[in-house]
Amino acid sequence: MKHYFVTTTDGIDAMQLLERDVPTPKPHQVLVKIHANALNFRDLLITQGGYPRSDKRPIIPVSDGAGEVVAVGSAVTGLAVGDRVAGNFFQGWNTGNLPDPAIDTALGGAIDGTLAEYITLDADATVIIPEHMSYEEGATLPCAAVTAWHALQAAQLKAGDTVLLLGTGGVSLFGLQFAKAQGAEVIITSSSDEKLEKAKALGADHVINYKQYPEWSAQVMEITNGRGVDNVLEIGGAATLQQSIASAGLYGTVSLIGLVTGFEMQMNLMLALRMQKIQGIYVGSTEMFRAMNRAMTQHKIKPVIDKVFSFDEAKAAYHYLAQAGHMGKVVIKQ
Ligand SMILES: NC(=O)c1ccc[n+]([C@@H]2O[C@H](COP(=O)([O-])OP(=O)(O)OC[C@H]3O[C@@H](n4cnc5c(N)ncnc54)[C@H](OP(=O)(O)O)[C@@H]3O)[C@@H](O)[C@H]2O)c1
């Protein structure tokens, strides 16, 4: 079977397209024929080295993939040949808190991922994708969607809350869809007015161009009549965290998710003394993935896909994501 392989830290073009035998599922595993993959910001970092956690190589990259079960191990119950599935990002985190050893079970980072024609998954960490979604749509769920879902659930989002989303990347757009489905008011930022118009069409109530307003917490305060927001999905890191904390109201929650602008910063710590909660989020459990799928099914939420590439064009898909012109998920179809 064909698979991509990251063997160096020399970037996207150093990935190799190789052949190996189709894996045999162990008793507790299923064999999945992958029909689609989706890329995340993390997948770019993994080709360069320096991803802060479980940066192992050589490795089959990519956490997100959806496909059809083609064989089941002898001990597997509850899944059958023909099921349309995706794997949980952490193959070792099924329920409750993330167990310590499970941090080293991330697909496409610590263990072989999904950018292959066939993969084996732990049956307990395999999730049926919603019926109203295609394989391309289902493939977008494991990382960005579960992360956004986890962050909003952990912040105990309720109807009427105000949610601030940074940029229009994968995590933020799922955050927008989930927050609106749960009755929240949404403020979203972007570097592009065109993307902000599209975000409005997806339901965003208020938009801010963060290039036009580098101190955008002032705009957030104006929109919220000085109250600040209840929840921030913080994906920016170094260049945005201070503005995010300044945008949150008393007792607001800032979910620390991503670091697209960098890992290290200096900030005024006084800002966070207003009984705010800063919570780290690291994707989520299989149980969260299933709960999210039920909500997406109930509300008929469809992931936003920007562009679909073929398996042979996978490197072009990576380059396209790296250019950051996308709005929605970048998908590779097999
Ligand atoms: N902790 C976790 O479990 C977890 C899970 C998933 C992702 N992440 C992390 O979350 C981050 C986002 O991931 P993603 O997959 O959503 O990325 P993505 O689809 O590549 O989107 C990145 C977006 O970041 C926005 N951005 C860049 N600079 C910004 C700034 N200064 N202020 C506000 N927005 C800015 C851009 O939005 P515009 O184009 O609209 O300007 C861009 O589209 C990454 O760091 C990723 O590693 C973490």
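Both ligands and their constituent atoms are indexed starting at 1 by order of listing. Since the structure is predicted, the reported quantities are computational estimates derived from the model, not experimental observations.
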task: Can you pull out the closest protein heavy atom to atom 39 (O) of ligand 1? Residue, atom name and distance to 0.1 Å, please.
output: K195 NZ, 2.8 Å

message: Pairing donors with acceptors under 3.5 angstrom, does anything connect the side chains of H299 and Q177?
response: no

message: When you compare the side chains of E234 and T240, does any donor N or O come within less than 3.5 Å of an acceptor on the partner?
response: yes

task: Please determine if D306 and K198 form a salt bridge, counting it only when a charged side-chain N lies under 4.0 Å from a carboxylate O.
output: no

- prompt: Side chain, backbone, both or neither: which part of V260 has a heavy atom under 4.0 Å from ligand 1?
  reply: both

message: Please check whether T189 reaches ligand 1 - meaning an N/O of the residue sits under 3.5 Å from an N/O of the ligand, judged on distance alone.
response: no

- prompt: Distance only, no hydrogens: is a donor on one side chain within 3.5 Å (strictly under) of an acceptor on the other, for N40 and D64?
  reply: yes

message: Considering non-hydrogen atoms of the protein only, which is the closest contact for atom 24 (O) of ligand 1, and what is the distance?
response: I235 CD1, 3.6 Å

- request: Measure from the ring center of W149 to the ring center of F178 and say whether it is less than 6.0 Å.
  value: yes

query: Which residue and non-hydrogen atom of the protein lie closest to atom 20 (O) of ligand 1, and at what distance in Å?
result: H326 NE2, 3.4 Å

task: Identify the protein heavy atom lying closest to atom 15 (O) of ligand 1, giving its residue, its atom name and the separation to 0.1 Å.
output: F41 N, 3.7 Å

statement: Within 4.0 Å of some non-hydrogen atom of T168, the atoms of ligand 1 are 37 (O), 38 (P), 39 (O), 40 (O)

- prompt: ligand 1 and L259, any nitrogen or oxygen pair closer than 3.5 angstrom?
  reply: yes

Minimum-distance protein heavy atom relative to atom 32 (N) of ligand 1: T240 CG2, 3.4 Å

query: Have N37 and Q334 got a donor and an acceptor in their side chains that come within less than 3.5 Å?
result: yes

- line: atom 31 (N) of ligand 1 sits nearest the protein heavy atom T261 CG2, 3.5 Å

message: Between F289 and F89 (judged by ring centroids, cut-off 6.0 Å), do the two rings come close enough to count as a pair?
response: no

Atom indices of ligand 1, in the order listed, that fall short of 4.0 Å to a heavy atom of S190: 38 (P), 40 (O), 41 (O)

query: Considering D306, T147, D43, which one's heavy-atom position lies nearest to atom 5 (C) of ligand 1?
result: T147

Part of I281 within contact of ligand 1 (heavy atoms, under 4.0 Å): backbone

message: Taking distance alone, with N or O pairs closer than 3.5 Å, would you say C143 contacts ligand 1?
response: no

- request: Output, in order, the C-alpha distance, side-chain angles, deciding distance and verdict of salt bridge (charged side-chain N to carboxylate O under 4.0 Å, His left out) for D122 and K26.
  value: CA-CA 9 Å; D122 197 300; K26 297 192 176 106; over 6 Å; no

statement: Checking heavy-atom distances from atom 48 (C) of ligand 1 to each of V283, I257, L45, the winner is I257

query: Considering only protein heavy atoms, which is closest to atom 10 (O) of ligand 1, and at what distance to one decimal place?
result: G258 CA, 3.4 Å

task: State which residue, out of T224, L233, T189, I223, fulfils the side-chain contact (heavy atoms from CB on, under 4.5 Å) condition with L164.
output: T189

message: Any nitrogen or oxygen of G170, side chain or backbone, less than 3.5 Å from one on ligand 1?
response: yes

- prompt: Starting from atom 35 (C) of ligand 1, which protein heavy atom do you reach first, and at what distance in Å?
  reply: Y210 OH, 3.3 Å

- request: Using modelled atom types only, decide if a donor and an acceptor are shared between the side chain of D83 and the backbone of I128 within a distance under 3.5 Å.
  value: no

- prompt: Is K2 positioned over the aromatic face of F311, cation under 6.0 angstrom from the ring centre and no more than 45 degrees off axis?
  reply: no

